[in-house]
Amino acid sequence: MRPSDLVAATPASRDRFIDLLRVASLATVVLGHWLMAAVSVEADGRVQVGNLLALQPRLQLLTWVFQVMPVFFFVGGFSHALSWRSTRRRTTRAYSVFLRARLQRLLRPTVVFIGVWGAVAAALQMSGHGGGLLDVTLRLVAQPLWFVGIYLAMVAFTPPLLGLHERYGWGAFGGLVAAAGLVDLLRFGLGVPYVEFLDFAFVWLAVHQLGFLRADGRLGRPYVLAGAGLAGAALLVALGPYPVSMVGMPGEKVSNMAPPTLALLCHGLWLVGAVELLRAPAARWLDRPRVWRTVVAANGVSMTAFLWHLTALLGVYGALLALGVRLPEPGSGAWWIQVPWRIVAAVTLTGALVAVFRVFEKPSGAREPSAPRAWAGPAAALGVTICLLGVLGLSAVGFGGLLQGRTALLIAVHVTAPAAVVMTLSGWLLVERAGRGRGAAVRPVPEVADGVPADAEAGRRSHANSLRRVTIRSRPATTSAGPRLEG
């Protein structure tokens with residue numbers, strides 16, 4: 001459906017703020033990447049891509065505001081909770097259907113991105129072309145795929161973790177926070193090797209769990225969450241081994257991002273609380289038809305833009321070098337003067353790439369099977385596991401050396417780019433096959449554009465579900481009387 005059709009079909013009860021947060025968080029990440037990329041040409045002609053925050057450390061404190069990836073995962077938790085509950089009501093074997101539905105608009109553009117860049121990398125290497133910025137590009141364009149891998153894990157773990165949430169509420173979130181703290185204690189206090197990789201799950205799933213709490217109206221005091229998170233992050237950075245930057249810095253001994261730390265988790269709490277404080281004024285702003293139409297349209301292409309934004313930026317730098325434009329020293333006055341023009345060019349090129357590849361982000365309109373096979377759930381779980389390992393492996397190794405056996409360390413295993421590509425594709429196909437199943441489809445799934453239902457009744461049910469408190473076994477169920485979130 002066109003954005004205008006989706007705007008017209010949006011029910012008045014729609015929580016539009018969640019959709020705004022999804023778009024705004026990805027847009028902030030894209031802008032941050034464009035600003036941090038410090039491309040320079042060495043005296044010997046080699047092209048280097050550094051990080052502006054490493055060259056100008058005083059700017060690292062800005063990451064406490066602009067490292068907003070936790071907000072996107074928080075929004076994911078909200079959406080996944082509603083989607084899983086809706087799917088569970090419609091079919092008895094819901095897991096495979098849920099995985100396919102949630103991952104279609106994530107994996108289809110991702111697989112196309114991998115296919116295009118894989119073909120380009122193979123063609124360049126077979127023809128003997130390369131060197132300079134091209135080699136750097138083949139390595140860097142795959143790095144944002146780490147986000148896709150983490151998001152795959154969040155979708156896969158939604159049913160069991162939502163079950164824990166429905167039973168224990170804040171206790172389930174507290175358990176993940178405690179687990180993340182224990183990992184850091186073992187890592188920094190006792191020097192236990194490899195244990196830090198567990199925080200890829202504990203930290204990001206804890207932020208994801210906040211989305212469950214938001215879906216059930218249990219983030220009623222966001223100022224407490226924001227204050228506690230900010231104070232916790234400040235204390236950990238001041239007294240512990242944690243760096244100031246909430247994004248990874250080249251060459252640093254400890255990173256808050258890879259793998260994530262308890263300090264990054266506190267940062268996530270601060271950000272979630274802070275954006276929740278903006279919900280009421282933002283909701284009034286989103287009631288304007290033009291604003292809401294823009295948010296809907298942006299949501300429809302957000303993943304495509306995210307996947308291709310580094311390609312666009314490096315393409316801009318490649319054009320500058322090809323035209324003989326001198327690149328000023330990163331961080332200098334001349335460099336900052338060029339920033340607006342580079343960003344305008346990167347936006348333009350990203351828009352062109354989105355125009356070409358946006359078709360792969362459209363929902364397929366597939367219908368769920370009447371009787372999914374018994375093997376569908378385990379097959380879907382296996383498929384998403386293989387796929388996320390492939391995506392994470394490809395983000396680590398990149399497309400450089402595609403035909404030369406270059407490897408990168410993924411947790412404790414060395415992976416090559418071809419192996420990562422095969423894992424991604426095979427895992428995705430398995431999820432698609434398991435979720436599609438066989439048999440006559442008896443009930444169409446409402447058409448959705450990034451969570452905006454075309455069916456007003458589906459939207460009403462989703463919103464009512466988002467405001468309803470979950471029944472805890474020892475407590476009676478209640479419903480909120482309006483859009484105000486309860487504490």
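Hydrogens, waters and symmetry mates play no part in the numbers below; they use all other heavy atoms, side chains included. Since we're looking at a predicted model, the values are computed, not measured. Nothing fancy with the numbering, it's 1 onward along the sequence.
- Separating the CG atom in L230 from the CG atom in L269 is a distance of 10.5 Å, to the nearest 0.5 Å.
- Here the two rings, on F212 and F78, have centers that are 6.0 Å apart or farther.
- Side-chain N or O atoms of S426 include one that pairs as donor or acceptor with a backbone N or O of V422 at under 3.5 Å.
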Problem set entry | Residue pair R214, D15: steps toward the salt bridge (charged side-chain N to carboxylate O under 4.0 Å, His left out) verdict | CA-CA 11 Å; R214 170 68 161 79; D15 191 340; 3.0 Å; yes
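- Atom OG in S302 sits 5.0 Å away from atom CD in E361 (nearest 0.5 Å).
- Looking only at distances, no side-chain donor or acceptor of E196 sits under 3.5 Å from a matching main-chain atom of D184.
- Residues P243 and V237 fail the side-chain proximity criterion, which asks for heavy atoms closer than 4.5 Å.
- The backbone N or O of S79 lies less than 3.5 Å from no partner atom in the side chain of S83, so there is not a single donor-acceptor pair.
- Under the 30°/60° scheme for interplanar angles, the aromatic rings of Y151 and H80 are found to stand perpendicular.
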Exercise. Passes side chain to side chain contact (heavy atoms under 4.5 Å, CB included), H33 versus H309? Steps please.
Worked result: CA-CA 9 Å; H33 286 170; H309 76 279; 2.8 Å; yes
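- A donor-acceptor distance shorter than 3.5 angstrom exists from the side chain of W64 to the backbone of V244, with no hydrogens or angles considered.
- Listed for the S255 side chain is a donor-acceptor partner under 3.5 Å among the backbone atoms of A258.
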For this session: List the steps, then state whether side-chain hydrogen bond (donor to acceptor under 3.5 Å, both in side chains) holds for N256 with T261.
Result: CA-CA 5 Å; N256 281 321; T261 64; 2.8 Å; yes
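- M154 approaches W204 most closely through the heavy-atom pair CE-O, 3.2 Å.
- Contact check for L394 versus F399: side-chain heavy atoms found under the 4.5 Å cut-off.
- Side-chain atoms of E252 come within 3.5 Å of backbone N or O of M249 as a donor-acceptor pair.
- Atoms CZ and CG, from F157 and L205 in turn, are 6.5 Å apart once rounded to the nearest 0.5 Å.
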For this session: Report the C-alpha distance between L35 and I343 in whole Å, list the side-chain angles of each, state the deciding distance to 0.1 Å, and finish with yes or no for side chain to side chain contact (heavy atoms under 4.5 Å, CB included).
Result: CA-CA 8 Å; L35 288 173; I343 290 181; 3.8 Å; yes
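- Rounded to the nearest 0.5 Å, atoms CG (L392) and OG1 (T424) are 9.0 Å apart.
- Annotation: cation-pi pair R342/W335 present, NZ/CZ under 6.0 Å from the ring centroid and within 45° of its normal.
- Between V41 and R46, every side-chain heavy-atom pair lies at or beyond the 4.5 Å cut-off.
- Residues L313 and A37 approach most closely at CD2-CB, 3.5 Å, considering heavy atoms.
- Panel note: side chain S332, backbone P328; no donor-acceptor pair is recorded below 3.5 Å.
- Contact check on E432 versus R100 returns a salt bridge, with a Lys/Arg side-chain nitrogen under 4.0 Å from an Asp/Glu carboxylate oxygen.
- At a threshold of 4.5 Å between non-hydrogen side-chain atoms, the residues L265 and F202 do not count as touching.
- Remark: of the listed residues T304, L152, L145, L145 is the sole one forming a side chain to side chain contact (heavy atoms under 4.5 Å, CB included) with T110.
- Shown here for L314 and L133, the closest heavy-atom pair between the two residues is O-CD2, 3.5 Å.
- Counting heavy atoms from C-beta on, the side chains of R105 and M303 never come closer than 4.5 Å.
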Exercise. Would F74 and L21 satisfy side chain to side chain contact (heavy atoms under 4.5 Å, CB included), going step by step from the backbone distance to the final call?
Worked result: CA-CA 9 Å; F74 160 70; L21 288 181; 4.3 Å; yes
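- Once rounded to the nearest 0.5 Å, the distance linking CG of L134 with CZ of R139 reads 12.0 Å.
- Judged by distance alone, with hydrogens and angles left aside, the side-chain atoms of Q209 form a donor-acceptor pair with the main-chain N or O of L161 at under 3.5 Å.
- Between the side chain of Q60 and the backbone N or O of L62, no donor-acceptor pair lies under 3.5 Å.
- For F113 and F357, the ring centers sit 6.0 Å or farther from each other.
- Within the 4.5 Å cutoff, no side-chain heavy atoms of V397 are placed close to those of T416.
- For the pair M246/F66, no side-chain contact is recorded, criterion being any heavy-atom separation below 4.5 Å from C-beta on.
- Separation of atoms CG (L235) and OH (Y242) is listed at 11.5 Å; rounding is to 0.5 Å.
- Q48 has its side chain out of reach of V136: every pair of non-hydrogen atoms, C-beta onward, lies at least 4.5 Å apart.
- Judged by a 6.0 Å distance limit and a 45° cone about the ring axis, R16 is positioned over the six-membered ring of W292.
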For this session: List the steps, then state whether side chain to side chain contact (heavy atoms under 4.5 Å, CB included) holds for W308 with V354.
Result: CA-CA 8 Å; W308 291 97; V354 166; 5.9 Å; no
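- For the residue pair F98 and T87, the shortest heavy atom distance occurs at N-CG2, 4.0 Å.
- Screening L262, L198, V195, D199 for a side chain to side chain contact (heavy atoms under 4.5 Å, CB included) involving R187 leaves a single residue, V195.
- In terms of heavy atoms, A380 sits closest to V431 at O-CG2, 3.8 Å.
- Smallest separation of non-hydrogen atoms from V384 and A381: CG1-O, 3.2 Å.
- The backbone N or O of A156 lies less than 3.5 Å from a partner atom in the side chain of Y95, making a donor-acceptor pair.
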